[in-house]
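A short write-up of the structure that comes next.
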Amino acid sequence: MIQIHRLTKTYGQVRAVDDASFSATPGRVTGFLGLNGSGKTTTLRVLLGLTRATSGAALINRRPYRALRHPLREVGAVVEQDACHPGQTGRAHLLTQAVFAGVKQSRVDALLDQVGLAEVAERRTREYSLGMRQRLAVATALLGQPSILVLDEPANGLDPEGILWLRRLVRDHARAGGTVLISSHFLTELEQLIDDVVVIARGQVRCAAPLAALTGGGLRWRVRGRDPGLLRKVFEDAGARVRSAGAILDVTGLPAEQLGDLAFFAHVPIYELAPSDPDLERIFFKLTASS
Amino acid sequence: MISVVRFEFYRMMTVRSALLSIVTVTALGLPLGFVDWQMWALLIGVTAFTQAAIGTSSHFHHRTAVLLYLGQPRRVTVLAGQTMAYAFISALIAALSGVALLTGPSAVTYPATVVSAPAMAILGVTFATLVRRAVWTLIGAVSWFVVVEGLIGKLRAPLPFTVYLDGTEGDGSKILYFFMWALCGLIVAIAATGRDITVD
């Protein structure tokens with residue numbers, strides 16, 4: 001469980017984070033969205049004890065990071081790209097971290113396999129591509145088998161296959177009861193991954209809610225059929241709210257299956273029945289528009 | 001703290017350049033001890049300082065400082081661990097490379113340097129903890145030695161590098177002075193450990 005409570009961080013006159021509050025709960029993936037310089041990374045760094053808060057609290061399992069007894073076994077974090085010595089091999093990097101975390105060295109080989117770096121484990125990290133270094137960073141975060149993952153832009157440098165791999169990894173972690181707080185610029189990618197969304201702009205949290213609550217929960221449809229007037233009538237009679245824009249109906253309040261059945265029994269052919277929920281990108285820009 | 005010491009040792013042993021510098025200095029020091037004991041003491045001092053300073057600041061340069069402080073969020077414990085690791089390595093290099101001195105007329109230099117080298121490593125760690133960039137740490141240290149201790153102090157004032165060089169001649173009071181300087185550096189570094197962790 002991650003809790004950010006009335007967190008403020010100032011640098012001189014600049015309020016990088018301004019009275020921010022939100023939480024990330026076990027079993028769910030929380031997306032942390034914001035433009036560059038909006039305060040995302042500062043918030044995550046305060047959470048991880050790398051930066052001191054001016055006021056407020058950032059807690060992991062109800063304790064500040066610095067009070068955790070075995071931090072690497074409770075929290076896995078990716079906050080810096082290229083956080084590895086270029087003269088060390090990938091395996092040596094992970095072994096060094098394993099020594100530090102008090103983790104069995106046998107876990108290193110399992111992790112190298114899991115992140116797809118087993119074949120290049122003996123190469124120095126200076127020879128790694130950005131995607132490989134990102135996979136190594138994720139492996140480093142997973143070393144202590146932590147229940148909480150804090151990932152700052154983990155998809156940077158990953159190819160489509162890597163992004164798919166990361167998505168599966170994050171979803172599996174949440175499904176197993178873990179907590180995931182993830183920040184990313186890839187909004188469309190995040191949309192398929194997250195359960196909850198936190199939007200931050202100019203250091204202030206603009207929104208913290210389940211994604212389904214923002215997008216309408218999949219009950220908004222765009223319907224096009226042969227007879228829009230009749231369709232509108234049968235949908236409204238069944239309890240839906242309908243707005244029309246010419247031949248296209250914007251229908252809310254009923255599932256797609258019921259809309260299809262209603263059209264079928266009214267003998268109106270349907271040409272198009274598609275979700276018209278606002279996507280994450282649209283929500284994000286709407287919430288951050290004033291900044 | 002032991003985990004930090006083990007972390008630093010393992011890192012030194014697996015980074016080729018770090019391991020190479022330990023082996024090279026030890027190999028260079030062996031014949032130098034026969035030829036010129038003062039040059040040997042200087043080599044050990046310079047190595048202890050630069051190795052500790054570069055090792056500590058490389059965490060910031062290569063962004064591994066984040067991993068270090070995520071693994072051990074208590075900053076003073078990290079400082080203590082790094083200090084112990086580099087103090088031990090510097091004493092080991094001095095002890096191995098200076099065996100030639102034991103048979104010569106300046107045998108007193110050997111124990112004096114083996115004892116002083118860890119304090120020099122402590123100074124290296126504290127300088128790097130404050131400055132965080134290897135290049136600036138080394139430029140600062142050289143400038144200090146040349147300008148303040150050399151030109152102004154004429155290598156007679158009881159300043160850190162001067163008392164190290166005097167101490168390696170076997171002057172116990174100078175060794176004590178040098179340890180006082182290392183302790184002062186450590187206190188300043190402890191006071192500075194609360195700073196936010198940023199990287200290059």
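Proteins come first, then strands; the chains are lettered A, B, ... in the order of their sequence lines, and each starts at number 1. As a basis for the values below, the full set of heavy atoms in this structure was taken, side chains included, without hydrogen atoms, waters or symmetry mates.
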Measure the shortest side-chain to side-chain distance between [X] and [Y] over non-hydrogen atoms and say whether it is less than 4.5 angstrom.
| X | Y | result |
| --- | --- | --- |
| A:Pro86 | B:His62 | yes |
| B:Val66 | A:Arg45 | yes |
| A:Thr89 | B:Thr14 | no |

Neighbour count above 12 (heavy atom, 6.0 Å) for [X] [atom1]:
| X | atom1 | value |
| --- | --- | --- |
| B:Met39 | CE | no |
| B:Met180 | CE | no |
| A:Glu119 | CD | no |
| A:Tyr65 | OH | yes |
| B:Phe9 | CZ | yes |
| B:Trp136 | CH2 | no |

**Message:** Let's go through B:Ile197 and A:Thr51 carefully: what are the C-alpha distance in whole Å and the side-chain angles of both, what is the deciding distance for side-chain contact (heavy atoms from CB on, under 4.5 Å) to 0.1 Å, and is it a yes or a no?
**Reply:** CA-CA 6 Å; B:Ile197 302 302; A:Thr51 299; over 6 Å; no
Find the distance between [atom1] ([X]) and [atom2] ([Y]) and round it off to the nearest 0.5 Å.
| X | Y | atom1 | atom2 | result |
| --- | --- | --- | --- | --- |
| B:Tyr10 | A:Gln88 | OH | CD | 8.5 Å |
| B:Arg195 | A:Leu50 | CZ | CG | 14.0 Å |
| A:His85 | B:Arg63 | NE2 | CZ | 14.0 Å |
| B:Leu67 | A:Leu72 | CG | CG | 8.5 Å |
| B:Arg6 | A:Thr96 | CZ | OG1 | 11.0 Å |

**Complete:** So, the part of A:Leu68 with a heavy atom under 4.5 Å from chain B: the answer is backbone
**Prompt:** What part of A:Val99 is in contact with chain B, defined as an atom under 4.5 angstrom from a non-hydrogen atom: side chain, backbone, both or neither?
**Reply:** both
Given that the side chain runs from C-beta out, which part of [X] has a heavy atom under 4.5 Å from chain A: side chain, backbone, both or neither?
| X | answer |
| --- | --- |
| B:Ile2 | neither |
| B:Gln72 | both |
| B:Val5 | neither |

**Asked** What residues of residues 6-26 of chain A sit under 4.5 Å from chain B when only non-hydrogen atoms are counted?
**Response** A:Lys9, A:Tyr11
**Item:** Most contacts with chain B, counted as non-hydrogen pairs under 4.5 angstrom, among A:Cys84, A:Ala101, A:Gly49
**Value:** A:Cys84
**Prompt:** Which atoms form the tightest heavy-atom contact between B:Pro73 and A:Pro71, and what is the distance?
**Reply:** CD-CG, 3.7 Å
**Message:** Please determine whether side-chain contact (heavy atoms from CB on, under 4.5 Å) holds for the pair A:Leu48 and B:Leu70, giving the CA-CA distance in whole Å, both sets of side-chain angles, and the decisive distance to 0.1 Å.
**Reply:** CA-CA 7 Å; A:Leu48 296 168; B:Leu70 285 178; 3.7 Å; yes
**Request:** Report, by ascending residue number, the residues of residues 141-149 of chain B in heavy-atom contact with chain A at a distance under 4.5 Å; give 'none' if the set is empty.
**Result:** none
**Complete:** Applied to residues 86-106 of chain A, the ring-ring contact (aromatic ring centres under 6.0 Å, His included) test, sequence neighbours excluded, yields A:Phe100-B:Phe7
**Request:** Any pair with a residue in residues 52-73 of chain A that passes salt bridge (Lys or Arg N to Asp or Glu O under 4.0 Å), sequence neighbours left out, goes on the list, sorted by first then second residue, please.
**Result:** A:Arg63-A:Glu74
